[in-house]
Structure formats: structure tokens, C-alpha cells
Peer 1: 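Submitted below is the structure of interest, expressed as C-alpha cells.
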Protein chains: 2
Amino acid sequence: MRKAVTVTDVARHAGVSAMTVSKALNGRDRISEETRARVLAAASELGYVANAAARSLRGGRTDLLGLLVQDLSNQYFAEIVRGASEAIRERGLDLVLYTSSNDPERERQRVATLSSGVSDGLIIVAPHGSPGLLEQLQHSRVPVVLINAWNVDDLPTVNPENRLGARAATEHLLALGHRRIGFVTGRPDSPLSPERPDGVMRLQGYREALVAAGVAFDPTLLHPGGLHLPLGREAGHDLLALPDPPTAIFAANDFCAFGVIEAARERGLRVPEDLSVVGFDDVPMAGQVQPALTTVHHPLHDLGHRAATLLLDLLADHAPERHVELPSRLIVRDSTAPPA
Amino acid sequence: MRKAVTVTDVARHAGVSAMTVSKALNGRDRISEETRARVLAAASELGYVANAAARSLRGGRTDLLGLLVQDLSNQYFAEIVRGASEAIRERGLDLVLYTSSNDPERERQRVATLSSGVSDGLIIVAPHGSPGLLEQLQHSRVPVVLINAWNVDDLPTVNPENRLGARAATEHLLALGHRRIGFVTGRPDSPLSPERPDGVMRLQGYREALVAAGVAFDPTLLHPGGLHLPLGREAGHDLLALPDPPTAIFAANDFCAFGVIEAARERGLRVPEDLSVVGFDDVPMAGQVQPALTTVHHPLHDLGHRAATLLLDLLADHAPERHVELPSRLIVRDSTAPPA
DNA sequence: CTGTTAGCGCTTTCAA
DNA sequence: TTGAAAGCGCTAACAG
């Protein structure tokens, strides 16, 4: 833990002015090759590294991007963070990470901090949306990009496509010969997305596929579930206990699908022989479990990467498109097969 | 994106000097209640938030702590990040997150950046340990704390306890009546931990329990595996294909255990009726799968929390103990039962 | 109790 | 091509 080396130190060592050191290091300015070499040598010899605070104060930038996420234990969010993290590093900035623990109040606090000069910009994943949040964001001193936020026109958003993915999954099931296809829905509404367009869109894709195939939509096959394994398990049991049970189940997300698979096993059903199961999201685990899960791939990593890129462009005044929708695609693995 | 409000603005608005504003806001100094109230009112009216860069420059601190982790997709690391993140927030600092993607060269680069003034201190989780890393860290301008790093005397470390946990797990299996207990080992050596003391310690705990129970150690029950599901599955198949197969398997970690369970299922064995399986780590998923996994709980969250606290204490010159070992404990769930 | 002065380390004028 | 001066916003030290 030594004392820091400053430009002045380097200047002294190289026998030039502080200014010249700055110019040599930052390149942009006219400077003789010989002087530059001398400065660079002195700098590396002394182990000089620019002081970030001073540079920020001067330049008005921190070279830090804030990312606010609900919960890191969830692979869904972790993947998004990974994508954003990479994009940010690619452009030479760093990532300040905040977690809201799914608490709206905490969410608001963190947004206040992050938009106060700690970071040059802010990405929020799946904002919970406490009442004042939107307004708070619109008045933010730094640009904001939202991931997985719906019905927000004023702020840039990056969202995954849901309808076509759900439709493709249902079509896959129909093509295999399934006619009774259960659908487990996700979590309830949130203030920022009163209609949970992602859930609505998935359901719509499911219905579209059914209609196109001439299969009647049966509301008894629609079951409220949730985004976690235990909730999926419950829903699975309920659906499979139906008098005329489904031969395939389309779950709200992968974790929910894992729960459905467990429910099936507990009832002595084999997947995919006796029951086909499709998930949504394609978290890393989906490809590792047995049977590997057929699922709709949501570009989680790309969502993060794209949001970061968008934010960076906004900062550079590139004025890019403000609403990005990333396509999903069906990944057929081993949890689906023709009905028995 | 408005212009920032400065102390001077607040001072003007409240009819006092900039100094008084600073004092009023930071509390420490003697100031009349009336003036303080006036300043606070002016500040909140103007929406003043202190500029982090200026404060850093002045105080020599950034109030940022760096955390370098290999991979966020892995719940093991994600939990550690979560713990550290909480401890850091509790003390009013923020977290700068870096990922090394398991690449030693990248690891070194990030360490260079982080120890150069971006952050006030640095936590590295499971350092891969490229040749120069240790030296680089010792010369770091900021204090460093290592998580899951072994054989490092010069730097503070926070490590999980392995031997007793493994012993408790094996004793549990023995108490259930198992005599042939398979053991799947983890990953190979790494430069920074030539003997992988965690793996060695787990094996030692396993042997100790065996010896104490008067059960002979059978090397054929020892199988090299790995820390991921597919590797565990392979190892599981190999062990179960033995002429005299184990009735219980102790896996290198939870993901490995999930693989073993899959292997058992593929061979028509029920868990825990036909085969007991114990994991290591207790990642969040362990309690959610079916059957819920009996496993040795590694205090992942605490590891992160404790490392951050240690670092914060180091920064405050509290001179705390430099090597912390956190106890593990056995969590008995549903994947273990008496042998058939 | 309040205000003045100065300077943290850097870089953008502007002048030499 | 190089250097001198000034100031980003904040607060420690010292006067008043």
C-alpha cells in the first residue's frame, strides 16, 4: 500500500511539465515522438496510473455504469449481468452493481445513488416499479436503460420477444401430435407493467398456435403458477390430476418447468415418454439437467449486452433506436416427444 | 439530464458559505440547529447530491470496493457476490464488479485496474493464480482479501471449512447403515493451491469418519469427477457399474451430486431408497430439487459478507485477524436414507 | 458558530 | 511543440 504516483512525479522524472505528461499519455494532442517516448518510459518506470477521481472531476465522467438487478442468486439475472458486464468492459468502462432484493423502497434508494454521479449511466433490470420510480428516472441526471420493462415509452428499453417464442413452442408440441397442452402462467402484475405483457404475450402465442392448428382453447388447461420450482411443482400436480390431463405442459419459465417435471415423476410419469414439458428462458441449467429441457431461449446474455451498448451509445449521443426487442427461439432438447 | 447542483448553489440558496453547507450535510462539525435546518431545506429543495468524484479526490477514497469473480452464471459465485454486496452496502460503500471468465490473463488485467484507484480495496474469489498474481497483489496500492485461496500467508483470506463438513456427512451416511460409500472428487490442481486443500480436506474428513467407524477405506470407491453436472453423471455411472457398487455416494459439490442422481435414475435406481447421495456447498437449488439434497452447507453468503467486512476493517485499520475459516455444517434433507 | 483560503490530481484553455 | 494558469467540487485547517 504505497503512495500513489501523480502526473507531477512523472513530469519531474521525465524532465517535462505535467501538461506534457497528460498529452503524451492521452495521445490526442500534438507532441514530439521523442518527448512522448520519454514520458511513457518515466510513467511505466514509476508505475503511474491515472487517478480516476481527479479525471472524473475534471472530465465530468466516472467511466462507471450502474446496473441494478433484483437478485443475483437467480441465473436469469446473473446471465443478464454477465452480458452487460462484458459489453461494458469491451468499451473500457467498469460496472457498479446494485441489488434491490426485490424491495421497491431499496430500488428507489439505489436509483437515487446511482443517478447522482457515481455512474455515468444506469441499467435497471425488471424494475419493480414503485409509484415514484418512473418520475425519478425521467429526472435522472444520467441516461437510463430498462431491461424487461413494459409500457414505458419515455425511457429506452431492451426487451425479449415473447409471443413468437411461445407460439413456436406450442407449434412444436402440436407437431408432435399433442392436443391437450397445459399452460402454467407466471407471476402476477406489477405496477410498472400492469398487464405483464410478457406473460400476456406468451399466452397469446400459445393461443395463436392452437387456433392455427384448429385446436380448441380449453381454459381448464390454463393454470396459475409462478416463476419458481416449488410453484411449478404444485401447478404440475394440479394439471396432472385433471380428469382429462394434458399430455404436454408449457411452463412459465425453466425453473417452473423443473417443478413440473418433478411433479410428473412423483406421479410415476416419465418425461418425455408420458409427458412432454417445455420451459421458457433457457437458463444455463436447462441444458444440463436430465432430460435436457426443451425451452424457448431468451437471449439473456444479449439482453444485458445490448442494454449496455445502447446506454453507451446514448452517452456518446449516437441517438440509437430507443426500444429494442430481441428475438427468442425454440431449443428442442429431450423433454418433448410424441404423446404415448 | 440536468446540470448538477453544487454546494455553492446550495450555499447561495441558503444564504451561507459553501463551508457551512458541507458542515451541515456531513454532520460532524459544530453548527447551529437553525443554520443546519436551513441548509438541509435548501439542499433538498434543489435536489442536491454530493459529487462522488470531488469527494474522492478530496478524501482520497472512492467508497468503492472491487470484487473479482470468475463467473456469475455459477450460483456458487453468485451467492458470494450477494453476501459481499450486502456487507458493502451496509457500510455505505458500493460494489464494483469484475469477472475474469476463468482466464488468468484477464484476471491479472482486472487486478491491475482495480488496485489502481478505482476502488479502495479488492476482494478476489477463488483466484486462478497466474504466476505473477501473488506478487502483483502484494504490491497493490489497496488492501486485498482473498476468498477460497489456500496456502497464501501474506494476504488475508476467508475460507470455508471442509474437513469437518465432509466428516459429518460421511458419519451421517455411516449412521444410516451405509458401509460402501463412494466419493467423487472435484477439479484438478491450480497454481495458487497446488494441493487443492479443499479437495484434500474433504477426502481427509471422509477417511477420518471411515476409520473412526472401523470401515476399511476402499480406493475403488474413490472416483475422479468434477464440479459440474455432466461430470458427476459420468462418475455416478462408473461407480454404480462397479461389481460391488456403493449404496451411498458423496459428491464433490452439489452440481456434481445432481449428476450422480441423474445417473442413478438412468440406471433405474431411486434416490434415496436405492442410493443415498450427499452434495457439498448447499447452493440455492439444493433445497428446491426433488428429492431435496442432503448436503454440506458452505456459508457462501457469509464468505462474501465476511470478506467484505474484513476488507472494510483493514481499511479502517482495525487490524482484524487475517485468516478466517468459516464452519460448514451438514444439512440433512431427502436424498439420504438407510440402505435397502 | 461561521467564513476564508487552499489544494486534492487532472486536463482545457491560452500564451510562449 | 511545450508550458503556465486555472478550475472541476469538495472539505481540512485555520481565522474571525
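Within every chain, numbering begins at 1; the chains are lettered A, B, ... in the order of the sequence lines, protein sequences first and strands thereafter. None of the values given here were measured: they were computed from a predicted structure.
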Peer 1: Is a donor from one side chain sitting under 3.5 angstrom from an acceptor on the other, for A:R61 and A:S56?
Peer 2: no

Peer 1: Determine whether the side chains of A:E79 and B:S73 contain a donor N or O and an acceptor N or O closer than 3.5 Å.
Peer 2: yes

Peer 1: Using whole Å, report how far CZ of A:R55 lies from P of C:dT12.
Peer 2: 10 Å

Peer 1: What is the separation between atom CG on B:D9 and atom C1' on D:dC10, rounded to the nearest whole Å?
Peer 2: 13 Å

Peer 1: Could you tell me how far apart B:R61 (CZ) and C:dG9 (C1') are, to the nearest whole angstrom?
Peer 2: 17 Å

Peer 1: Does D:dG3 have its OP1 or OP2 closer than 4.0 Å to a side-chain nitrogen or oxygen of A:T20?
Peer 2: yes

Peer 1: Provide, to the nearest angstrom, the distance between the CG atom belonging to B:D63 and the P atom belonging to D:dC10.
Peer 2: 14 Å

Peer 1: By nearest atom, which of the nucleotides C:dG3, C:dC10, D:dC10 is closest to the A:V7 side chain?
Peer 2: C:dC10

Peer 1: Do you know which two heavy atoms are closest between A:A149 and A:T157, and how far apart they sit?
Peer 2: O-CG2, 3.8 Å

Peer 1: For B:K23 and D:dG9, what is the distance between atoms NZ and P respectively, to the nearest whole Å?
Peer 2: 21 Å

Peer 1: Please state whether the phosphate of D:dC8, meaning OP1 or OP2, lies under 4.0 angstrom from any side-chain nitrogen or oxygen of A:S56.
Peer 2: no

Peer 1: For the pair made of CE in A:M19 and P in C:dT13, what is the distance, rounded to whole Å?
Peer 2: 11 Å

Peer 1: For B:D9 and B:Y48, which I'm curious about, is there any donor-acceptor pair between the side chains at under 3.5 Å?
Peer 2: no

Peer 1: To the nearest angstrom, how far is B:L25 atom CG from D:dT11 atom C1'?
Peer 2: 12 Å

Peer 1: Tell me whether the OP1 or OP2 atom of D:dT2 has a side-chain N or O from A:T35 closer than 4.0 Å.
Peer 2: yes

Peer 1: Taking N or O atoms only and anything under 3.5 Å, show me the protein contacts with nucleotides 6-8 of chain C, one pair per line.
Peer 2:
from	atom 1	to	atom 2	distance (Å)
C:dG7	N2	B:R58	NE	3.3
C:dG7	N2	B:R58	NH1	3.3

